[in-house]
Novice: 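First the structure, which I've put down as structure tokens, then a few questions once you've had a look.
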Amino acid sequence: MLRHALLSAAVLSTSLLSTVALPASAASPLSTMAERSGFLHTGRYAEVEALCRQFQARYPKQVRCVEFGRTPENRPMLALAVTNTGALTPAEAARRKLPVLLVQGGIHAGEIDGKDAGFLALREVLEGKAAPGALDKQVLLFVPVFNIDGHERFGQWNRPNQRGPVEMGWRSTAQNFNLNRDYVKADAPEMQHMLALVNAWDPLAYVDLHVTDGAQFEPDISIQVEPVHAGDAALRVAGTALRDNVLADLAKQGSDPKPFYISFAEEDNPQSGFVDSTPNPRFSHGYFMLRNRFGMLVETHSWKDYPTRVRITRNTIVSLLSQVAQHGAQWRQVALDADSRAAQLAGSTLPLTYKTTDKSHMIAFRGYAYTRTPSDISGALMTRYDENTPQLWTVPLRDEIVPDLQQAAPKAGYLVPAAQAPMVAAKLRQHGVSYQVLATAWGQRPVQAFRATQVKFGAQSFEGRQTAAVQGAWQNEARVIGAGDLYVPVNQAKARLVVALLEPRAPDSLLAWGSFNTAFERKEYMEDYVAEDVARAQLAADPALAAQFHARLANDPAFAKSPQARLEFFARRHSSWDERLNLYPVLRTDVAPAQK
């Protein structure tokens, strides 16, 4: 079925691209291999490099080709800045108060629709054939391919669940990072360069173009935006309008778009329906919400062929340009107001995670007739679809999303000891978060410290890290704050990002990604024969302790059966015990340090 779809792509391209102005000849300037092949093939990265230069040469007053970094395999990371306003630098765009729309393709380089659709949309807009006047009111930043090294790991069937193009790139980078898990930890050089680009241009909206996997059904695209379910309240209203306006534009052009990720609640079971969710900030649209900007996840459906997917992605980009042209100035002001509100969030209770409730409602969903029978290959129950028989499904949708884990932010900010300061400061700089290095010691101060009562490390490496999850609570303590420690105030525009990075139980915090694992590793031990003598001395000296020990023996069978736990009971009360064990090496303060 896949091979048939690939071979028929050229035949289908003319009818499927009826809303797109195709070039008059195969030699038309600024066209892609995709267009010239009837959307059967996609070009290599050399084509992106050539087109970036050619667009600038053809439209020198409207386009600037920008290299914003190099990949681990030393390929140039390119963006096209496009506007009719002349604001082709970040400073000029900010001076003119222009909204910036960043459209990014190829974060998963096998899902390459965004590259070819973006160049097509860009040419049509510059020629005045689409979104007329849109470039008079905004700057478009177009990154054709984010994962460039992965793009050049080129081959057939790199995406076996996807219909076309014939060859495509690879999901992960040359260092095997999945960039769409890296927005917070920012380990990949490509992500660090992208964040620098974002910090410079401060885009109002960051649009991440993908192709989903999944079952066979008729809807062809999903559009998810945050803030909608989470983040600043006023920005949620604007985010909902952005999402709904784009959905409406796509529906007018014949698509069946959905505002939720189109993946079954139970894998391979259509009747299980769908579950909407709010993403963690490791993902693009979860990350930009924390910066008080729009993050949009666009997912075309992998079972639609390449001409169809490129057309729909092109329509999405044109819709976005039109929407930002019409509403961008207003939405930009809402975002800036959200920055001001974020700078007053110290002491406020903020959600660290969200959950989808069990509340559901039934929706009509356009699928296909299917059967579910045991497979003689795998032995599992398999669903098989008949694409010649459309069928309207009635399935549940759970889309009520509410805060789950919540935490009051400190009344002033976070303190990072000098030993961890270089690592933390580097991450803060990557995200454009403000902090202060204490020039002089602050002395012993009342602070809040987090001591883990339970630590669970990831069983295996995930994105190059051993993750950690902790239980515990902040408690008042007095600790020494020295010169070289960092102070990270909550009251700044990126307050939500500060909390997400430094609250230990946040899902993508520095702690959660394993940056502080050594704090939870015991390094010093008391030999058992020494602990025996220490225990007897403590029992003899403290009748209350003896009573506590014997009560624990009587009431805690696991404790009573564990020689190690029994000896540790006394070792913890000895002066040799490491008081820093399980102490999270970031503190909270309700008073900002005064520094000269």
Side-chain angles (χ1 to χ4, degrees), residues 341-352 405-425 427-428 431 433-455 468-506 509-512 515-524 544-545 571-596:
R341 288 188 290 273
Q344 305 298 321
L345 284 176
S348 301
T349 297
L350 297 174
L352 301 180
L405 179 61
Q406 301 187 68
Q407 176 67 56
K411 295 179 181 178
Y414 296 89
L415 295 161
V416 182
Q420 285 79 26
M423 178 274 292
V424 175
K427 287 299 168 190
L428 297 177
H431 293 289
V433 170
S434 299
Y435 64 91
Q436 175 186 352
V437 180
L438 301 188
T440 58
W442 201 23
Q444 190 171 46
R445 294 286 171 170
V447 295
Q448 292 178 314
F450 184 97
R451 292 181 181 271
T453 57
Q454 181 180 334
V455 182
V470 296
Q471 297 296 322
W474 293 101
Q475 296 178 340
N476 293 326
E477 292 190 16
R479 302 199 70 86
V480 175
I481 311 303
D485 289 5
L486 300 185
Y487 170 62
V488 188
V490 171
N491 278 349
Q492 56 179 298
K494 297 185 179 72
R496 288 183 172 83
L497 182 54
V498 169
V499 171
L501 285 165
L502 297 178
E503 275 300 321
R505 294 191 296 161
S509 67
L510 295 178
L511 182 152
S515 296
F516 298 106
N517 281 1
T518 55
F520 311 109
E521 299 172 0
R522 187 175 174 184
K523 303 298 185 181
E524 190 61 83
L545 178 64
R572 284 180 173 272
R573 290 160 174 80
H574 192 265
S575 59
S576 65
W577 184 260
D578 181 8
E579 68 89 20
R580 295 186 184 180
L581 178 62
N582 292 335
L583 174 67
Y584 172 46
V586 174
L587 307 170
R588 293 163 41 123
T589 177
D590 289 339
V591 179
Q595 293 286 298
K596 295 181 181 179

Novice: Heavy atoms only: give me the nearest Glu503-Ser509 pair and the separation to one decimal.
Specialist: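 Of all heavy-atom pairs spanning Glu503 and Ser509, the closest is O-CB, 3.2 Å.
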Novice: Checking Gln492 side chain against Ser434 main chain: does a donor-acceptor pair fall under 3.5 Å?
Specialist: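 Yes.
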Novice: Would you check if the side chain of Arg580 reaches a backbone N or O of Asn582 as a donor-acceptor pair within less than 3.5 Å?
Specialist: no
Novice: Could you pull out the closest heavy-atom pair between Glu579 and Arg451, with the gap in Å?
Specialist: O-NH1, 2.5 Å
Novice: Distance from Asn517 atom CG to Leu511 atom CG, nearest 0.5 Å?
Specialist: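 Going from the CG atom of Asn517 to the CG atom of Leu511 covers 7.5 Å.
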Novice: Drop me the distance from Met423's CE to Leu510's CG, to the nearest 0.5 angstrom.
Specialist: 6.0 Å
Novice: For the CZ atom of Phe450 and the CG atom of Leu583, what is their distance to the nearest 0.5 Å?
Specialist: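 If I round to the nearest 0.5 Å, the distance is 10.0 Å.
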Novice: Please check this pair: side chain of Asn491 against backbone of Leu345, looking for a donor-acceptor N/O pair closer than 3.5 Å.
Specialist: yes
Novice: I need the Gln454 CD to Gln471 CD distance, nearest 0.5 Å.
Specialist: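 Between Gln454 CD and Gln471 CD, I get 5.5 Å after rounding to 0.5 Å.
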Novice: Counting only heavy atoms from other residues, nucleotides and ligands, does the tally under 6.0 Å from CD of Glu521 exceed 12?
Specialist: yes
Novice: Where do Val424 and Phe516 come nearest, in terms of heavy atoms and distance?
Specialist: CG2-CZ, 3.9 Å
Novice: Quick one: closest heavy-atom pair of Tyr414 and Val490, and the distance?
Specialist: CE1-CG2, 3.9 Å
Novice: Please tell me if the side chains of Arg505 and Val470 come closer than 4.5 Å, counting only heavy atoms from C-beta onward.
Specialist: yes
Novice: Please round to the nearest 0.5 Å and tell me the distance separating atom CG of Leu415 and atom CG of Leu486.
Specialist: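 One finds 9.0 Å between CG of Leu415 and CG of Leu486.
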Novice: When you measure from the side chain of Asp485 to the backbone of Ala418, do you find a donor-acceptor pair of N or O atoms at a distance under 3.5 Å?
Specialist: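 Checked: pair present.
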Novice: Shortest non-hydrogen contact from Pro504 to Trp474?
Specialist: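 Nearest pair, atom of Pro504 first, then Trp474: CD-CZ2, 3.5 Å.
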Novice: Is a side-chain donor or acceptor of His431 paired with a backbone partner of Val433 at a separation under 3.5 angstrom?
Specialist: no
Novice: Shortest non-hydrogen contact from Ala439 to Ala483?
Specialist: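 Taking every non-hydrogen atom into account, O-CB, 3.8 Å.
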Novice: Taking the side chain as C-beta and beyond, is there a heavy-atom pair between Val498 and Tyr435 under 4.5 Å?
Specialist: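 Not touching, per the 4.5 Å side-chain cut-off.
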Novice: Do Arg522 and Leu581 have side chains that get closer than 4.5 Å, going by heavy atoms?
Specialist: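 Heavy-atom side-chain distance check passes, below 4.5 Å.
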Novice: Give a yes or no on whether Lys427 atom NZ has more than 12 heavy-atom contacts from other residues, nucleotides or ligands under 6.0 Å away.
Specialist: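 More than 12 within 6.0 Å, yes.
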Novice: How far does CD of Glu477 sit from CD of Gln444, to the nearest 0.5 angstrom?
Specialist: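 So the CD of Glu477 and the CD of Gln444 are separated by 10.5 Å.
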